[in-house]
Amino acid sequence: MKYLDVVITLLLSILLTIGVGYENRMMIAGGCLFLALIFLSSKWWLKWLFIFPTGLVAVLYFYSGYIYGQPNIGIVASLFETNKRETIEFLLAIPRNVQILNAILFVAFSYYLIRVKFVFKWHKTVCLFGFFCFCFSSLNLFIYHSYTSINHYVAQMNTLKNSIHQSANWHILKNKPRYKTYVLIIGESMRKDYMSSYGYPINSTPFLTTTPGILVNGYLSTASHTAVSLPRTLAISHGLDLHPANNIITLANVAKMKTIWLSNQGFIGQYDTAVSAIAVHASERKFLKKGNFLTNNTSDYALLPLFKQALAQPYNGSKLIVLHIMGSHENFCDRIKKDIYNFKDKDLSCYLSTYNQTDTIIKTIVNDLKATQDSYSLMYFSDHGLNNVSTIKGKTQLVHGDLYKQDYEVPLIEIASDIHQHTMLNKQISAFDFMSIFSNWIGVKTAQLPSLNVYQLPQNKKIQVLSGNQMVLFKSLKNDPDEIIHR
Ligand SMILES: [Zn+2]
């Protein structure tokens, strides 16, 4: 029987280590967990007061850990900001093998708690050694990373919430808008390398591939999750710090523009999500995601009539209309009306169809802008990329992640009434500089920011991104093992 107990404890250690996202540290973190579980099994109270609560949280985290890795501020934000519909979508999309592994983990954990008991002679020394091993175990790493991530997230949300009642301290030096209408489309989970406009062999973005415009090839998102990335893109930030009151909307407001925010992204409370804390400053706001979770999977197309209304509103000065779309958010098949590719690889097929949808939406908006006969400029970027975690050849499973370059390599495109050529600008630009680009775009100079367009921004080979809970050099990241360029 003891032999079986050892095998089950070993299996439990391996599954827990994988389930909290540390499979790359299996030998040390997993090995220490195994020793801790053995040495701490002699006393019931140790197991139930110590191993049970921490282990239970890890068992419940298994789906997230297996798919997205160890806890980070982005995962915490997603957990806190996910509505019921997104939770259901997430649970329905869990692959069968992950469900089976989670069931095995649950059985092994229960068996360990009820049946496993190793008694040693020098039990106090053994218990101390057990605690020592626990300190270096994957479970302890999990607790530590969960704690720091939640702390970061709570601090970020407090900063964002406080900013709602703060006024920005913009000091305007010059204000001369070039266009009558500015449109900013904030995309979702769109990797640059799956876009035909950036060289993907399938024509996934037909309009953007040929339209006159400036396409930045080398634009890097600040972070890998919406709630972490966008407050650092749309407001002043240099890394972990946030200055949300000084954001694109408050800047446009002091520049006397009319600001309209149209969103198809979810929110729990009135202004509870990271992005709505910026949107709240707009003079007009419309969020499509209301009502109960079964009816609120709204298509991005529903934003188009709202956009037309916003465009038609008479206004003497310039207007800024922001559209925050669901774009290519997981689960891809739920985002679209029709899978237009019908590949065997369903995930890829739906993912590319979301690209086509966003491309069509941008095209429709550009046509609406042209029809006004007024000058206009439209900017599109995506909040972050994704990476492929599928281990099955010919099957794609793209998810949020922060370990790969492709999690950050996203499009930045400008289309305007006075841009007549299709230009690819090969240059690494950080989304941390988006505020500079934005202020230049709307023709504003401030005391707080350099006002530079994508051509003027200095070349920076040391661009950092927020990965996990820290800033890391972008070039130190690995390529997604399934990087499609080489397919
Ligand atoms: Zn996102």
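From a predicted model like this one, the values you see are computed outputs, not experimental measurements. In listed order, ligands and their atoms are each counted from 1. Quick note: numbers below take in every heavy atom, side chains included, and nothing from hydrogens, waters or symmetry partners.
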Taking the inter-plane angle between the rings of [X] and [Y] on a 0 to 90° scale, is it parallel (under 30°), tilted (30 to 60°) or perpendicular (over 60°)?
X	Y	result
Tyr351	Tyr194	perpendicular
His400	Tyr68	perpendicular
Phe434	Phe438	tilted

query = How wide is the angle at the Zn ion (ligand 1) between OG1 in Thr226 and OD2 in Asp383, to the nearest 10°?
reply =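 Vertex the Zn ion (ligand 1), arms to OG1 of Thr226 and OD2 of Asp383: 80°.
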message = Using a distance threshold of 2.8 Å, state whether an N, O or S atom of Ser189 lies below it from the Zn ion (ligand 1).
response = no
ask   = Is it true that some N/O/S atom of His384, main chain or side chain, lies under 2.8 Å from the Zn ion (ligand 1)?
value = yes
key: Nearest to the Zn ion (ligand 1) - the N/O/S atom of Glu188, by atom name   = OE2
task = Look at atom NZ of Lys427 and say whether more than 12 heavy atoms of other residues, nucleotides or ligands are closer to it than 6.0 Å.
result = yes
